[in-house]
Amino acid sequence: MSDQVGNNPFLDGLNPSQCDAVVHSGSPLLIVAGAGSGKTRVLTNRIAYLLAECGVAPYEVMAITFTNKAAGEMRERVAALVGPRAKSMWVTTFHSACVRILRQEASIAGFSPSFSIYDQSDSVRLVTLIGRDLNLDPKRYPPRQIAAMISNAKNELIGPADYTNQAKTHIEEVVAECYGLYQKRLRDANAFDFDDLILKTVEVLQRFPEAKARYRSRFRHVLVDEYQDTNHAQYILVRELVGTVADGIQPAELCVVGDADQSIYAFRGATIRNILQFEEDYPSARTILLEQNYRSTQNILSAANAVITNNASRKAKNLWSDSGDGALITGYVAEDERDEAEYVMNEIFRLQSENISQPGDTAIFYRTNSQSRAFEEVFMRNTLPYKVVGGVRFYERKEVRDFLAYLRVLANPYDEISLRRIINTPKRGIGDKAIAGLEQMGIPLWDALLNAKDAPDAAARATAAIEGFAKLMISLRELVEANVRPSVIAEAVLEQSKLGEELSDSEDPQDEARLENLQELVAVAQEYEADEQLEGEEVSIVGFLERVSLVADSDQIPDGEDHGGVVTLMTLHTAKGLEFPTVFLTGMEENVFPHSRSLGEPSEIEEERRLAYVGLTRARKNLFLSRASTRFAFGSPTYNSPSRFLSEIPEEIIQWKAPEIRLKSKVNPKVAPTGKRTSSNGPNDPNTNLHLEIGDRVLHQTFGMGTVIALSGAEEKAEATINFGTYGDRRLLLRYAPVEKI
DNA sequence: GTATTTCGGTTTTTT
DNA sequence: ACCGAAATAC
C-alpha cells in the first residue's frame, strides 16, 4: 500500500489514515472523522480514486450528503479530479435521491410522478384540517404536536397500523387515528411529506424486487456523509441500497463518514446508534480514525476538546493540530444583546483595520434564529454588510407560498392543501361557506370546483366566483399541458391570478418588497431552466417545484472563499460542516445556550454540548465568545447566568475583555423633552400640566407632529383627538399620552 | 364576505 | 415584541 501512497495523485498530500480511507476496498468502511480532519477531501479523493484506479464507472457511484450545497461542492471537486464524466454519478441529498427514485418507480408503485412535496407547515395544515373533522380541541391536541408525533413515527418506519397497535397513552390513540387519516389524505392529494420521501422509497424497494434490483445492480459504491445524522428510516434505506448476498447481487461497497461528537439532530430522529454500532451491523467493517485537525489552532481545539469531554456517553477521542497555539480565545460580557452586537461589530472593524481578518472571513453563530435581530439592527445602522442564513426563509414567506401553491395545483390539481390556499387568494369572494358547500359533495375539491353548480345550497354569487376561478385554473393548466416553460407559466400565474396586481395596487409599503419576491421567484425559475438546459435535462413545473421544495438553509450561504465579502450570520445547526477564519459564538448563557428546553434531560444537555463543540470547531484562527447579562425575551428583560460551556473551557486560554467605558447614550433628539413641563417626567408620569386647545400643534413620542382636532373630558379623563398625518387621527388620554405642546 | 381588533402562542434546532 | 389565527365589527 505504501507504494501507492507515494505515487498516486489522489493520495498526494494525505496523511496515512486518510490514504487508508481512500484506498480501502473489499468491506464496509466507517471513517470516524473528527472536526476539520479533511473528510470531504477524503471522500472526494476516494470517489476519484475509484473511478481512476479501480475501474469503477461513474454511474455506479452514489454519494449521499445532507445538503444540496455539500452535494454540489462534492460533485464539483470530483469533476475537477476526473473531468466531466463525473456527471452520471448520483451525488445528492437523501431527499433528492428519494424523489428521483419515487418518480422513476411511480408507475410500478401506483402513483402519479407529478406528486406534491409537503413541507412541515403543509403537514401541520393538513393535521389541522383532520383535527377539525374529528372535532378535536386544538388546545388539547395541538396540530403541531400531532404532526411532530406522526413525523417521529415515520422516521422509525412505523406505519399507521403499527402505530395504532402500539398506542398506549390517550394522546397516542388520538395520534393513531389522525395518522391513518393523514396518510389517506396525502394519498388522495397525491402528495408526500418530507418523511414520506424516505419511508415510501424504502417501501418501494422492499415491495418491488424488480425496482430494487435496478438500483442494486447499478450502484456498486454507496457513500454516506454525516452518517451520525441519519435516522432509522435513512439507515434502512442505506441498507436496502447496499443489499446483501441473499439478493443474488453482490452487495455494494459502503463507505460512511461521521463523527458522533457532531450529532446534533437527535430531535428529528437522528440516532447516534447508527454510527456507534456500525461494526455490529456490518461485522466485516473496517474503521479508520481521522484525528489530525487541519483547520484550527491548538487553543481552539483545546477549548473544544475540554467542552466535549464533559459528555459522559462518549467514546474518547482527541483532536490534535500541529499548527501552533495561535491567539487566545476572547471572551466578552455584554450588558444586553445590543451591546453584544456592537461589541461584535467593533471587533470585526478592528480585525479589518489591523489586517487580521476581513468581514467575509467572519461568521456569527447563535442558538436560535431570533437572536439574529439585534445583530441585524446594529449592522444595518452602521452599514456593516452581512447576510443572515435561514431564519424567515424566502420560501416560507406568505406571498411566495401562495404563488408556489398555484404552481403546485397546476402540476397536481388534487393537492388539496395548495388548492385551499389559493382558492380565495387573492380575495375573490369564495368564503368558508362556499368551500364547505364544495366539500359536502364528497368528491375531491378540484372535481367539486369543476361542478360548482351542483354543490348543495350554492349561492349564485359564490358559484359564479368559483366558476371564474375554475376557468382561470383550466386555462393555466393548458399551458402546463403544452409544455410551456416554468418561468413563462409563472409569469402567466402572476398576471392572471391578479396576485401581482393586488400587491402593486397596495398602499402598504411592504407589498412592494413582496412583489419583488414574486418576481425573484420568476427569476429562480429562469435560473432553473438555464441550469437544466446546460445539463441537457428536461424542464418542467414538477422539476422546478422539486428544486424549490428541497432547498436547505445552508444552500444560501454566499459562495466563494470570502462569502461575497459579507459577514455571515446563522444558527449553530446551519454552521455544521463549515469553517471560518473568524468566529463569534454569541449568547453564551444558560437558558439560551444550552437552551432552556434542553435543561431537563441529560441526553439533551449532551446534544447541546455537541452543538457547542460544532460551533467551537468551526473557527480556524480567531474565536470570540460572548454573553449578555440582560437579554430581552418575550418583550421583557431576562437575566441569565453564564453558560456552563464557558466554565468548561480552561481559564488560561480565554482572555476576558472588559466592556469599554461608554458615555451614557444620548436620547434621540426628536423625543427630547423641551423643558416646558414642571418636572422631567418618565413615560408613565401623569401628564397633568398639559392644556391643549383645538388647533394646537403637538409632538408625540411615536407618531411625531400632529394637530389637535377635538377635545373631550376634563382633568384626569381629558382626551384629545389628534391628527398625525400619515398615522391618521388618534384619540388619546392626555394623562398618559407621551405628547408635548409646541 | 371582508376588515379590524384582540388574543395567544411563540423561541429550539431543520431536510 | 411579533406574528398569525380567532373573535368581533362592519
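Convention: sequence-line order gives letters A, B, ...; per-chain numbering from 1.
One can place CD1 of I198(A) at 8 Å from C1' of dT15(B), the figure rounded to the nearest angstrom. Look at CG on D195(A): it is 16 Å from P on dT14(B), rounded to the nearest Å. At whole-Å resolution of the value, CG in D432(A) and P in dA5(C) are 13 Å apart. Atom NZ of K398(A) is separated from atom C1' of dC3(C) by 13 Å (rounded to the nearest Å). In this structure, E607(A) places its CD atom 12 Å from P of dT14(B), rounding to the nearest Å. Distance, Q120(A) CD to dT14(B) P: 10 Å, rounded to whole Å. Separating the CZ atom of R397(A) from the P atom of dG4(C) is a distance of 11 Å, rounded to the nearest angstrom. To the nearest angstrom, C1' of dG8(B) lies 19 Å from CZ of R140(A).
Toward the 5' end of DNA chain B, the nearer of the two residues R461(A) and E608(A), judged by each one's closest nucleotide, is R461(A). Comparing N424(A) and E604(A), the nucleotide of DNA chain B nearest to each residue sits closer to the 5' end for N424(A).
The side chain of R597(A) lies closest to dT11(B), out of dT15(B), dT11(B), dT13(B). Counting only heavy atoms from C-beta on, R132(A) has its side chain closest to dA6(C) among dT14(B), dA1(C), dA6(C). Set against dG9(B), dT11(B), dT15(B), the side chain of K139(A) has dG9(B) as its closest nucleotide. Counting only heavy atoms from C-beta on, H573(A) has its side chain closest to dT13(B) among dT15(B), dT11(B), dT13(B). Among the nucleotides dT15(B), dT11(B), dC2(C), the one closest to the side chain of F194(A) is dT15(B). Comparing dA1(C), dT14(B), dT15(B) by their nearest atom to the side chain of H95(A) picks out dT15(B). In the set dT15(B), dT13(B), dC2(C), the nucleotide with an atom closest to the side chain of T571(A) is dT13(B). Listed candidates were dT14(B), dT2(B), dG1(B). Nearest to the side chain of K433(A) is dG1(B).
When heavy atoms are screened at a 4.0 angstrom cut-off, Q371(A) is found touching no nucleic acid atom at all. Residue contacts shown for R373(A) are limited to sugar-phosphate atoms, with no base heavy atom under 4.0 Å away.
Relative to the ring axis of F632(A), R338(A) does not place its NZ or CZ within 45° and under 6.0 Å from the centre. For the pair R514(A) and F403(A), the NZ or CZ position fails the cation-pi test of under 6.0 Å to the six-membered ring centre and within 45 degrees of the ring normal.
Under the 4.0 Å criterion applied to side-chain N and carboxylate O atoms, R420(A) and E416(A) are assigned as salt-bridge partners. Contact check on R401(A) versus E396(A) returns no salt bridge, with no Lys/Arg side-chain nitrogen under 4.0 Å from an Asp/Glu carboxylate oxygen. Between D259(A) and K39(A), no side-chain nitrogen of the basic residue sits less than 4.0 Å from a carboxylate oxygen of the acidic one, so the salt-bridge criterion is not met.
Taking the six-membered ring where tryptophan is involved, the planes of F365(A) and F580(A) are perpendicular, since the angle between them exceeds 60° and thus also 30°.
Taking only side-chain nitrogens and oxygens, N369(A) comes nearer than 4.0 Å to OP1 or OP2 of dT14(B). Of the side-chain N and O atoms in S370(A), none sit less than 4.0 angstrom from OP1 or OP2 of dT10(B). An OP1 or OP2 oxygen of dT11(B) is reached within less than 4.0 angstrom by a side-chain nitrogen or oxygen of R144(A). Dashed line: the shortest gap from a side-chain N or O of T574(A) to OP1 or OP2 of dT14(B) is under 4.0 Å.
Remark: F267(A) pairs with Y265(A), H573(A) by the ring-ring contact (aromatic ring centres under 6.0 Å, His included) rule, at least two apart or across chains. R239(A) pairs by the side chain to side chain donor-acceptor pair (under 3.5 Å) definition with nothing, not counting sequence neighbours.
With centres under 5.5 Å and a plane angle under 30° as the test, the ring of F634(A) is not stacked against the base of dT10(B).
dA6(C) and dT11(B): their C1' atoms are spaced 22 Å apart (whole Å).
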Can you tabulate the close N/O pairs, meaning under 3.5 Å, that link protein atoms to atoms of nucleotides 7-9 of chain C?
none

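A distance of 6.5 Å separates SG of C178(A) from CD1 of I130(A), quoted to the nearest 0.5 Å.
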